[in-house]
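Below you'll find the structure, written out as structure tokens, and then a few comments.
Predicted model, so just to flag it, every value in this text is computed and none were measured.
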Amino acid sequence: MVSLKAEAAKDWRAHGFSVQLAQQWFKTTSRFHPLNGRMTPEIARKFTDLNLTTNEVIAWFQSGLKPKDIDINAVENLVNYGLNSNEIQKWISYSVPLADILTWINLNVVPKQAEDWYKYKFILSEAIPWHEIGITAGEAAMWKGLNMTVATVKKWGCLGFSAIFTQDFKKPEMDMEKEVKLWLKTGLDFKKIKRLIKKGYSAEKAYQERKKE
């Protein structure tokens, strides 16, 4: 059985823990915590003040929370918001950082959708603008691969273009901002534009031909 040394026991008592409860926190979380492999009384006290038990905290670790990612302030915000331990654990199981959870909730994003953004290597501040224009994580990754900004993609989206279609005709030297403006100037609908692109037309060529009509 893991036991507390006299000096450590004194520290746990100073934080208001009985010997039994200190042993419980110390032993059951020992293999998860970053500080010398042991749960500290300071962090255990914060968890306890939030009415979180050792079993609940262990369940978070077992669901994928890494020791380095413990964010007590974020946990406090989540608890104060009204999330219970199981709800927080669900977000953790989808690899969503504790500090990001409330933002996703306020954006009406479910855990699985949030997880996708991290899979595609987006941080929260990068993901939000894409999400706000209705682009999924996978689509955003494709657009980024084409060196397209959110503002430009929004214009392309208004024309009806998808990332998959766009990558088939985009050339490295293309100025996509200029390209979309020219397509808009042609006054053509999306189906016509799409047909012309498949024929190898650039926006400039289509625009010049329309001017001659």
Practice problem: Measure the spacing between CD of Gln208 and OG1 of Thr186 and express it to the nearest 0.5 Å. | Solution: 11.5 Å
For residues 88-96, which side-chain N or O atoms pair as donor and acceptor with protein atoms under 3.5 Å away, sequence neighbours left out?
{"from": "Gln89", "atom 1": "NE2", "to": "Ser63", "atom 2": "OG", "distance (Å)": "2.9"}
{"from": "Ser93", "atom 1": "OG", "to": "Lys90", "atom 2": "O", "distance (Å)": "2.6"}

Quiz item: Who are the side chain to side chain contact (heavy atoms under 4.5 Å, CB included) partners of Thr152, not counting sequence neighbours?
Solution: Met148, Thr149, Trp156, Met176, Glu177
Quiz prompt | Joint cluster assignment, Leu124 & Val110, ILVMFWY side-chain distance < 4.5 Å | solution = no
Practice problem: Keeping to residues at least two apart or across chains, list the salt bridge (Lys or Arg N to Asp or Glu O under 4.0 Å) pairs with something in residues 41-51. | Solution: Arg45-Asp49
Quiz item: Quick one: side chain to side chain contact (heavy atoms under 4.5 Å, CB included) partners of Ala203, sequence neighbours excluded?
Solution: Glu179, Leu182, Trp183
Self-check item: Any pair counted as side chain to side chain donor-acceptor pair (under 3.5 Å), so long as it reaches residues 119-128, sequence neighbours left out
Solution: none
Quiz item: Rounded to the nearest 0.5 Å, how far apart are CD1 of Ile43 and CH2 of Trp25?
Solution: 10.0 Å
Quiz item: Going by the side chain to side chain donor-acceptor pair (under 3.5 Å) test, which pairs reach into residues 76-88, not counting sequence neighbours?
Solution: Trp60-Ser85
Exercise. Answer yes or no: is there a side-chain heavy-atom contact under 4.5 Å between Leu65 and Val57?
Key: no
Exercise. Write down the atom of Pro41, the atom of Asp11, and the distance for their closest heavy-atom approach.
Key: CG-OD2, 3.5 Å
Exercise. Compare all side-chain heavy atoms of Ile193 with those of Tyr201 and state whether any distance is below 4.5 angstrom.
Key: no
Self-check item: Test side chain to side chain contact (heavy atoms under 4.5 Å, CB included) applied to Ala140 - qualifying residues, sequence neighbours left out
Solution: Trp117, Phe122, Trp130, Ile135
Self-check item: Point-to-point distance, once rounded to the nearest 0.5 Å, from CZ of Arg210 to NZ of Lys192
Solution: 8.5 Å
Quiz item: Would Ile105 and Ile123 show up in the same hydrophobic cluster when neighbours are defined by side-chain heavy atoms closer than 4.5 Å?
Solution: no
Self-check item: Thr136: side chain to side chain contact (heavy atoms under 4.5 Å, CB included) partners, not counting sequence neighbours
Solution: Glu139
Self-check item: Within one Ile-Leu-Val-Met-Phe-Trp-Tyr cluster: Ile133 and Val109, side-chain cutoff 4.5 Å
Solution: yes
Quiz item: CG/Leu50 to CD/Glu56 distance, rounded to the nearest 0.5 angstrom?
Solution: 10.5 Å
Quiz item: Do the side chains of Gln113 and Trp104 get nearer than 4.5 Å, heavy atoms only?
Solution: no
Quiz item: Listed by chain and number, what are the salt bridge (Lys or Arg N to Asp or Glu O under 4.0 Å) partners of Lys112, not counting sequence neighbours?
Solution: Glu115, Asp116
Quiz prompt | Residues that Asp100 engages under salt bridge (Lys or Arg N to Asp or Glu O under 4.0 Å), provided they are two or more places apart | solution = none
Exercise. Check whether any side-chain heavy atom of Tyr118 lies under 4.5 Å from a side-chain heavy atom of Pro97, and answer yes or no.
Key: yes
Practice problem: Look at the side-chain heavy atoms of Ile, Leu, Val, Met, Phe, Trp and Tyr, link any pair under 4.5 Å apart, and say whether Leu98 and Leu52 land in one connected group. | Solution: yes
Quiz item: For Gln24 and Gln20, does a side-chain donor sit closer than 3.5 Å to a side-chain acceptor?
Solution: no
Practice problem: Kindly indicate whether the side chain of Val75, heavy atoms from C-beta on, has any atom under 4.5 Å from the side chain of Val79. | Solution: yes
Practice problem: For Glu132, check side-chain hydrogen bond (donor to acceptor under 3.5 Å, both in side chains) against everything at least two apart and list the hits. | Solution: none
Quiz item: Is the shortest heavy-atom distance from the side chain of Phe47 to the side chain of Thr53 under 4.5 Å?
Solution: no
